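Single-structure report; data block below.
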Amino acid sequence: MRWSRYFWYTSKEDPADTEAPSHKLLIKGGFIKQVSAGVYEFTPPGVRVLRKIENVVRKEMDRSGAQEVLLTVLNPAELWKETGRWELYGRELFTLKDRNGRDYCLGPTHEEEITDLVRSFVNSYRQLPLILYQIQTKFRDEKRPRFGLIRGREFIMKDAYSFDADEFSAMMSYETMKFAYDRVFKKLRLKTLMVEASVGAIGGISSHEFVVLTDYGEARVAYCESCGYAANAEVVKLSKPQEEKEEERPLEQVETPSTDTIEKLSNFLGVPPRKILKAVLYIVDGLTPVMFIIRGDRNVDENKVSMVLGTENFRLAEDQELWELLRTKKGFIGPFNLNSSIKVYWDNSTYGVKNAVIAFNKPDYHYVNANPGRDFQYGEFVDVCQVEEGDPCPKCGASLRVSRGLEVGHIFLLGTRYSEPMRAYYKDPQGQEKPIIMGCYGIGISRCISAIVEQHNDERGIKWPTSVAPFELDLICVNPTDPQQKEVAEHLYLLSEEMGIETIYDDRDESPGFKFADADLCGFPYRIIVGKKVKEGKVEVQCRQTGEKWDVGIQEAIREVKKRIEEDKK
RNA sequence: CGGGGUGUAGCUCAGGUGGAAGAGCGUUGGCUUUGGGAGCCAAAGGUCGCAGGUUCAAGUCCUGCCACCCCGACCA
C-alpha cells in the first residue's frame, strides 16, 4: 500500500479528552474516530488490526470445533420476554419500536437468540454437544462509556455458546473454550490472568474471566504469587481474623462532635481506623433497611452485598432515611436500640476486636472501649469486605496482590438458565425430555485492540505485535525526489509485496522526521529506511519492539525482514 | 445514576472587569528544503454547543437545555 494514496491520517497533537494511553494513541494514530460517547469508527488501518484479531479468534474457535454463525443485531422483544430479561436487563438495553409499534432491542448479548436457533433444530441427544459462535457488533447503553474502545456502547464481541446433554459434557465444552482462550491471548501477545469470577445472581455453575492487568481496567483482581490463586476481587472470601489480645478497658460514652467520617473520628479520638466499627445502612428494594457493620479501615464490597442480599436492587440510605429510621445522622450509625425490623449483619472483619469505637445512633457521640460479649453481641456474620492488598490468600494464606484489570474474555457455564424458560429440550436415550446445558464464552474483540495497545506502547507510540499489526513493514523513502532513493524504494516495495509481506510504503512527500514519527506512532514492527546509504548499496532496518537498528545490503533487506516476521508469527 | 470538569477555525488552545473573532498546527497556491514532526511568502477557513434573558452592546453576565471528558457504582 502506498501511503500517499491510503486513507490514514495521524495527528501531531495529543487528542483532547483522552486519558488512557490506548485511547490517546489509537486516536492520535488515526485508527479510530469517535462519533459519540462510546461509539467509534474504524479507519482502514483500524479495520486491518480488527480483522487480524478476529481471524486469530476465528481460527482458534474453528480449531476447537466451534461453528461460526451470524445472529442478528435487531432482536425482537418476544425472545427477551421469554427469559424475563426484557425487564431484568434494565436501562442498559437499547430498545426501539418498528413502524407498527412492535418492540425490539439491539442485541447486547445473544443467549436468547442462539437458544431459539438451537431449539428449533436440536431435539435429540445425538445432535449434542454443539458449540456455536459469532463475531458481531453488540450494543449496550452503558451508564458510563470509558477510555475509547475499552468500554463502548457499540463494540465488537466474539460470543460462543455451548450446548450439552449433561453437566460432565458441559464441563468438557467449558474446558475446551478455556484452552482456546489461552491460545488466543498468547497469539495476541496479551498477558492475561485467568481469574475466578462471580457466577452472579443468575446462578451459573462456573465462571472465569481473562484479565489484562492495567490501570485502565475496571475490574479489581486479587492474585497470589505463592500459590497461583487468582480471582475477581468480589469473589475472594475473607474469613474472621484472629481474636485480638488486649485488656478490656471500661466502656465510655464520648462526645465526638461532627466526626462524620472515619478519618475525622480517628483523628479526633487518636484511635486507629481499624479499631472503629463502622455501620452502613442500605435500603433494599426501596424499602427494607439492612445494616452492615464492618471494620473502619475496610470498605464494603457491594458485589458481595448483592450476594448476601440476593438482589442488586439496593442503595445506601439517604440522610433523611437515617433520621426517620434511626434518629441519627451519617457517622453516628450503630447496631444499638434498633427497631427489630432492621436486619444487622456483621462483616467477618469485625470479629474479635477489643476496645472498639462504635456509634449508637446518638448524633455526636460514640462509645469508646466497647467490647463484644460485654458491651454488645455479634449477630450473623457475613463476608462483605472489599479485598485489599496484603489480605490472606484463601487457598494458601500468603499475602494477596490486588490490581486493576481489564476483562478481555469471560467464560461462563450457564446451566439451564436459558434452556429451561425457553424450552430448549432434547430427548435423552431413554426418551426423556431434558433441558440442554449451556455455556457462554465472550471475547471483547474491539476491547482487545485497546488492551494490546495498553500492553505494547512507549512514549513515541504503539508497538504492535506482528500478529495484529496493521502492516508488518513500513518502507520509508527518506527523499523521494532523489531518483536513486526513489528507485530503490520502489524496487523494495514490489519485492516485499511479492514476498507476501504486508507493507505500507511511505512515499509521501514529507520531511524525514515526519515519516519517522508516524512510523513510531503507528507501531509497525519493522521499518526499512531507504536514504543516503543507498549510495553504498545499503538500507537500514529497524525493529519497533526492541528498538534495534542495523544496515543491510539492499538485496538482503526484504528477505531478512521476512524471516523475522515469520519468526514472530510462530 | 451521584459528584467534578469542558464546550471558540479541521486539530490543540488563548480570549481579566461586556465595546470590531485570535494563535500554533493542519489545509490551498508559490519558492526553497530532505536521516527525527522543515523554512519563507500569500490565502482560505467561525451558528464562539443550543435556546431564552439582561444590555445601546454578550464569546464574556443570568436561566434552562444539550454534548463530551474525568471520579464513583455496573458490563466483553
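The model shown is predicted, which means the values in this text are computed figures rather than measured ones. Letters go in sequence order (proteins before strands), and every chain restarts at 1.
A:R527 comes within contact range of at least one nucleobase, with a heavy-atom separation under 4.0 Å. Base engagement by A:T481 is indicated by at least one non-hydrogen atom pair under 4.0 Å involving a base atom. Counting non-hydrogen atoms under 4.0 angstrom, A:R508 reaches nothing in the nucleic acid. Residue A:N303 is in sugar-phosphate contact alone, with no base atom involved, counting any heavy-atom pair closer than 4.0 Å across all strands shown. When heavy atoms are screened at a 4.0 angstrom cut-off, A:Q485 is found touching no nucleic acid atom at all. A:D518 comes within 4.0 angstrom of a base, heavy atoms only. As judged by a 4.0 angstrom heavy-atom cut-off over every strand, A:E142 is placed among the base-contacting residues. Residue contacts shown for A:V408 are limited to sugar-phosphate atoms, with no base heavy atom under 4.0 Å away. At a threshold of 4.0 angstrom between heavy atoms, the contacts of A:D17 are confined to the sugar-phosphate backbone, with no base atom among them. Among the heavy atoms of the strands lying under 4.0 Å from A:Q542 is at least one base atom, whether or not backbone atoms are also near. A:E209 comes within 4.0 angstrom of no nucleic acid atom, judged by non-hydrogen atoms across all strands. Within the 4.0 angstrom heavy-atom criterion, base atoms lie near A:I529. Nucleic acid contact class of A:F147 (heavy atoms, under 4.0 Å, all strands): sugar-phosphate only. Nucleic acid contact for A:G90: none, since no nucleic acid atom lies under 4.0 Å from a heavy atom of the residue.
Side-chain to base pairing of A:D520 with B:rG36: one donor and one acceptor N or O lie within less than 3.5 Å of each other. Contact of A:E510 with B:rG37 (side chain to base): no donor-acceptor pair of N or O atoms is detected under 3.5 Å.
When each of A:I445 and A:F514 is assigned the nucleotide of RNA chain B bearing its nearest heavy atom, the one mapping closer to the 5' terminus is A:F514.
Straight-line distance between the P atoms of B:rG18 and B:rG59: roughly 13 Å, to the nearest whole Å. Taking the C1' atom of each, B:rC50 and B:rC68 are spaced 15 Å apart, rounded to whole Å. Comparing B:rA21 with B:rG15, their C1' atoms are spaced 9 Å from each other, to the whole Å. Taking atom C1' on both nucleotides, B:rA9 is separated from B:rA44 by 11 Å, rounded to a whole Å. With both ends at atom C1', the span from B:rU17 to B:rC69 equals 30 Å, rounded to whole Å.
A:E218 has its CD atom 14 Å from the C1' atom of B:rC70, to the nearest Å. With rounding to whole Å, A:W3 atom CH2 is found 12 Å from B:rG37 atom C1'. A straight line from CG of A:L190 to P of B:rA76 spans 17 Å, rounded to a whole angstrom. If you measure from atom CG of A:D506 to atom C1' of B:rG36, you get 13 Å, rounded to the nearest angstrom. Counting to the nearest Å, the C1' atom of B:rG2 and the CZ atom of A:R144 are 12 Å from each other.
The listed nucleotides are B:rA73, B:rA76, B:rG37; the one nearest the side chain of A:L521 is B:rG37.
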Distances for protein N/O vs nucleotides 21-25 of chain B N/O pairs under 3.5 angstrom?
unit_1 : atom_1 : unit_2 : atom_2 : d
B:rG24 : N2     : A:E13  : OE1    : 3.4
B:rC25 : O3'    : A:K12  : NZ     : 3.4

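Within a 6.0 Å radius of NZ in A:K237, no more than 12 heavy atoms belonging to other residues, nucleotides or ligands are found. When the shell of 6.0 Å around NZ of A:K486 is examined, it contains more than 12 heavy atoms from other residues, nucleotides or ligands.
In this structure the side chain of A:P45 never reaches within 4.5 angstrom of the side chain of A:F7, judged on heavy atoms. Within the 4.5 Å cutoff, side-chain heavy atoms of A:Y223 are placed close to those of A:L193. Two residues are said to be in side-chain contact when any heavy atoms from C-beta on lie closer than 4.5 Å; A:V530 and A:I476 fail this criterion. A heavy-atom distance below 4.5 Å is found between the side chains of A:F210 and A:I411.
Checked against salt bridge (charged side-chain N to carboxylate O under 4.0 Å, His left out), A:D159 has the following partners two or more places apart in sequence or in another chain: A:K138.
A salt bridge is absent between A:D518 and A:R460: the closest approach of a Lys/Arg side-chain nitrogen to an acidic carboxylate oxygen does not fall below 4.0 angstrom. The pair A:D260-A:K329 fails the salt-bridge criterion, with no side-chain N (NZ, NE, NH1 or NH2) lying under 4.0 Å from an Asp/Glu carboxylate O.
Once the 5.5 Å centre distance and the 30° plane angle are applied, the aromatic ring of A:F516 is found not to be stacked with the base of B:rG35.
Under the 6.0 Å distance and 45° angle rule, A:R48 counts as a cation-pi partner of A:F471.
Residue A:R315 places none of its side-chain N or O atoms closer than 4.0 Å to OP1 or OP2 of B:rC1.
Every stem involving RNA chain B, taken as at least 3 paired positions in a row under the Watson-Crick or G-U wobble test at 3.5 Å, is listed here: B:1-7 with B:66-72, B:10-13 with B:22-25, B:27-32 with B:38-43, B:49-53 with B:61-65.
Each of A:V305, A:D347, A:L281 was checked for a side-chain contact (heavy atoms from CB on, under 4.5 Å) with A:F292, and the lone residue meeting it is A:V305.
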